[in-house]
**Student:** 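Sending over a structure as structure tokens; questions will come in a sec.
Here is the naming used below: chain letters follow the sequence lines, and residue numbers restart at 1 for every chain. Remember, it's a predicted structure, so these values are computed and weren't measured experimentally.
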2 protein chains.
Amino acid sequence: MSETVISPASSPRSASTQSRLLAERLRQALLDGAFPAGSRLNEVHLARTLEVSRTPLRAALQTLAGEGLLHHTPNRGFTVPEQSLSAIVDAYEMRALAEGLAARLAAERGLSDALRQRMEDALADGDRALAPETADDARRGLYAEANAAFHAVIHEAAQSQLVRDVLRICQRVPQTSAHNIVAFDLDDVRQRHAAHRQIYEAIICREPREAERLMRQHVLAVKLSMARWFGQQRAGDAN
Amino acid sequence: MSETVISPASSPRSASTQSRLLAERLRQALLDGAFPAGSRLNEVHLARTLEVSRTPLRAALQTLAGEGLLHHTPNRGFTVPEQSLSAIVDAYEMRALAEGLAARLAAERGLSDALRQRMEDALADGDRALAPETADDARRGLYAEANAAFHAVIHEAAQSQLVRDVLRICQRVPQTSAHNIVAFDLDDVRQRHAAHRQIYEAIICREPREAERLMRQHVLAVKLSMARWFGQQRAGDAN
DNA sequence: CAATGATAAAATGTGTACACTTTTGCCGCA
DNA sequence: TGCGGCAAAAGTGTACACATTTTATCATTG
């Protein structure tokens, strides 16, 4: 008898490796812009700071370089790549296409009950974040989370490793990451939340073309919001 | 006066590193399908085979894993990922979008004289490859090269590292790589060559939207060619 | 005979030493 | 002062040894 409880298929990865953990930490740090663009990463110094040996650190750096998050020069080590403005704009164009494809695939393949639930939760979280009762300073963080969750569900539903990878590298430009989306005008955010609902409906109704169209439009709208916000920032700097 | 000839800006990388060279070799081998999908790569064995030490080999493997060309499991090493049929189809969808964007950017930004020349050379090479005088067995290799050159020029002209990276991972599925394109029906290849000319004209005439539309259509046509060819192959296998 | 558990072999992860390259800083020199 | 050029220092690349984990083998047991 003694039916041993089989560990769920999704969690046999209790044990990770130091390189893996390091790669995660550094990836997050890079996306958060913790390292200035163009700066060199000194291996021995970084290793001391992170309290690890050079070997797993190098492993992590090689991986991140493969992902395009770092640049490597033969006897000169790893550097944080600098992104031009046009690169940022291109990233949004590419991301619009990739997110659109993800939405289309999600609509074609349909949502499992679990994913549908998560998406509805994300939308509800967004509602709460945008409600008048919510304190302004909490709003940004809350909405950023809801926004990221919404997109993450679609990425999963698309069931394509390749599309996920493409989206990942589209967001390797810090400024385009989902976390930064919140820094914009409140009205813009409301419009984008409405777009989320439309996209949700298109996916639920299994309308791939419509889902793709809406999602593309949505991401390009985010691009415009960002451009406008950058303009304001620059205008502010001039004072 | 001994004017020391300054090495051109593009070639101060005479010295490379073993990891780098290994990564190149392995990348090529993987794209050529030299390793069966799903197989594990034994580090010590591979190191002996390639006559290198484990350290640079591991460095190369980490990089390739970052690029998505290999999969890594914590205490189990590196494996060649298996691609489902739907993954291959998805890759073409994504590639159509990315190549389309590249064509659009190229049309927006225009071609330098050098690039324009290279593109015309590639088209002329394609003409020669498809001429009736060309021996059938040489045709494939010749056209594959011309085809790759044509697309490479557009990728360069787009001037976007991100788009290049996206295209790279779209072609990490061996079957979608430019080299394999030639295995199809000759009439199909002729049609695609004609499409190349149209795309060239759209770019020269600085018509971004048209260039993008044509390129998308072109890549999706390649997808259909491939699907048809796969069907024939399978039908042949059944005999 | 199948299932189980101990044990050995093999494979991967990490620490460290050292070779080679790049960078830095210093000194002589015009 | 400014400019090579040389030597020391710093930094990266590679080799190898060892620790830890996984995998294979095999005897034991019900």
**Student:** How close do A/L111 and A/R116 get, heavy atom to heavy atom, and via which atoms?
**Tutor:** CD1-CA, 3.9 Å
**Student:** Report yes if a side-chain nitrogen or oxygen of B/T55 is closer than 4.0 Å to either non-bridging phosphate oxygen (OP1 or OP2) of D/dT14; otherwise report no.
**Tutor:** no
**Student:** Mind calculating the distance between CZ (A/R48) and P (C/dG15) to the nearest angstrom?
**Tutor:** 15 Å
**Student:** When we call it a touch if two heavy atoms are under 4.0 Å apart, what does A/L57 touch: a base, just sugar-phosphate, or nothing?
**Tutor:** nothing
**Student:** With heavy atoms under 4.0 Å as the rule, sort A/R20 into base, sugar-phosphate or nothing.
**Tutor:** nothing
**Student:** Whole angstrom is fine here: how far is it from CG in A/L46 over to C1' in D/dA10?
**Tutor:** 16 Å
**Student:** Consider the side chain of A/R58, meaning its heavy atoms from C-beta on, and name the nucleotide among D/dT12, C/dG15, D/dT23 that approaches it most closely.
**Tutor:** D/dT12
**Student:** Does C/dA11 have its OP1 or OP2 closer than 4.0 Å to a side-chain nitrogen or oxygen of B/R40?
**Tutor:** no
**Student:** How close or far is atom P of C/dA11 from atom NE2 of B/H72, stated in whole angstroms?
**Tutor:** 16 Å
**Student:** Is there a side-chain polar atom (N or O) of A/H45 under 4.0 Å from OP1 or OP2 of D/dT12?
**Tutor:** no
**Student:** When you get a sec, tell me which of C/dT14, C/dG13, D/dT12 is the closest nucleotide to the side chain of B/E43?
**Tutor:** C/dG13
**Student:** Starting at the 5' end of DNA chain C, which residue's closest nucleotide do you reach first, A/V52 or B/G77?
**Tutor:** B/G77
**Student:** Could you pull out the closest heavy-atom pair between A/P81 and A/L69, with the gap in Å?
**Tutor:** CD-O, 3.4 Å
**Student:** Tell me, do A/R76 and A/R40 make a side-chain contact under 4.5 Å, heavy atoms counted?
**Tutor:** yes
**Student:** Of all the nucleotides listed (C/dT16, C/dG13, D/dT14), which has the minimum atom distance to the side chain of B/P56?
**Tutor:** D/dT14
**Student:** Are the charged groups of B/E67 and B/R172 less than 4.0 angstrom apart, N to O?
**Tutor:** no
**Student:** In whole angstrom, give the distance that lies between atom CD of B/Q62 and atom C1' of D/dT14.
**Tutor:** 15 Å
**Student:** Any side-chain N or O of B/N42 less than 4.0 Å from the OP1 or OP2 oxygen of C/dA11?
**Tutor:** yes
**Student:** Out of C/dT14, C/dT23, D/dG13, which nucleotide sits closest to the side chain of A/T17?
**Tutor:** C/dT14
**Student:** Side chains of B/Q117 and B/D121: any donor to acceptor distance under 3.5 Å?
**Tutor:** yes
**Student:** What is the nucleic acid contact for B/L41, judged by heavy atoms within less than 4.0 Å: base, sugar-phosphate only, or nothing?
**Tutor:** sugar-phosphate
**Student:** Report yes or no: is there a donor-acceptor pair, N or O only, under 3.5 Å between the side chain of B/R54 and the base of C/dG13?
**Tutor:** yes
**Student:** Would one find a side-chain N or O of B/R76 under 4.0 angstrom from OP1 or OP2 of D/dT23?
**Tutor:** yes
**Student:** Can you measure A/Q18 atom CD to D/dA19 atom P for me and round it to whole angstrom units?
**Tutor:** 16 Å
**Student:** Would you mind reading off the distance between B/N75 atom CG and D/dT23 atom P, rounded to a whole angstrom?
**Tutor:** 9 Å
